[in-house]
Amino acid sequence: MNKRFAQVDERFAQMERRFATMEARLERLEQGIKEVNGRLDRLENDMVNVKGQLEQVERGLCEVKEALLRLEKQAADDVHALLKNIGKKVEEKGFEIYALNKRLLHVKGLLNKFNPKNKAAPAIKAFLSIVSPLCLSAS
């Protein structure tokens, strides 16, 4: 019977060692789970921060887009106004050039009436050679 008690005691000792091993494993597992939970908490906080930063970037991007659209419209309006102004000035200058051309043609006609025997004839011919291309290019 002592032998039987010794075997039972040995079995209990084995079971206690196994339980101790299992408890140690369980403690390590619980510690690992705590570490994983801590990491998950940090990841969640990081994700919240990243989402906040992303929202800031999106708001900034929207502001940039709005500013760009305003600048586009403003630039288009400015270009349109400049082109109108240039068109008016070209039209005004066109009338001035037309009036000058008419005057030059009138002067040319008057100069042609002079007698070629006149002493001023070479100067008149030189003047006409300068004026004639101007009259043609302006018309």
Does the pair Lys34 and Glu27 meet the rule for a salt bridge (Lys or Arg N to Asp or Glu O under 4.0 Å), with working shown?
CA-CA 10 Å; Lys34 285 180 185 176; Glu27 286 176 10; over 6 Å; no
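Taking CD1 of Ile33 as the reference point, atom CG of Leu40 lies at 11.5 Å (rounded to 0.5 Å). Rounding to the nearest 0.5 Å gives a distance of 13.5 Å between CG of Asn49 and CZ of Arg42. If you take CZ on Arg17 and OG1 on Thr21, they are separated by 8.5 Å, rounding to the nearest 0.5 Å. One finds the CG atom of Leu82 at 12.0 Å from the NZ atom of Lys84 (value rounded to the nearest 0.5 Å). The line from NZ of Lys51 to CD of Glu55 is 8.5 Å long, rounded to the nearest 0.5 Å. A distance of 12.5 Å separates CD of Glu35 from CZ of Arg28, quoted to the nearest 0.5 Å.
A salt bridge is defined here as a Lys NZ or Arg NE, NH1 or NH2 lying under 4.0 Å from an Asp or Glu carboxylate O, and Lys93 with Glu96 meets this definition. We find that Lys73 and Asp77 are joined by a salt bridge, their nearest charged nitrogen and carboxylate oxygen being less than 4.0 Å apart.
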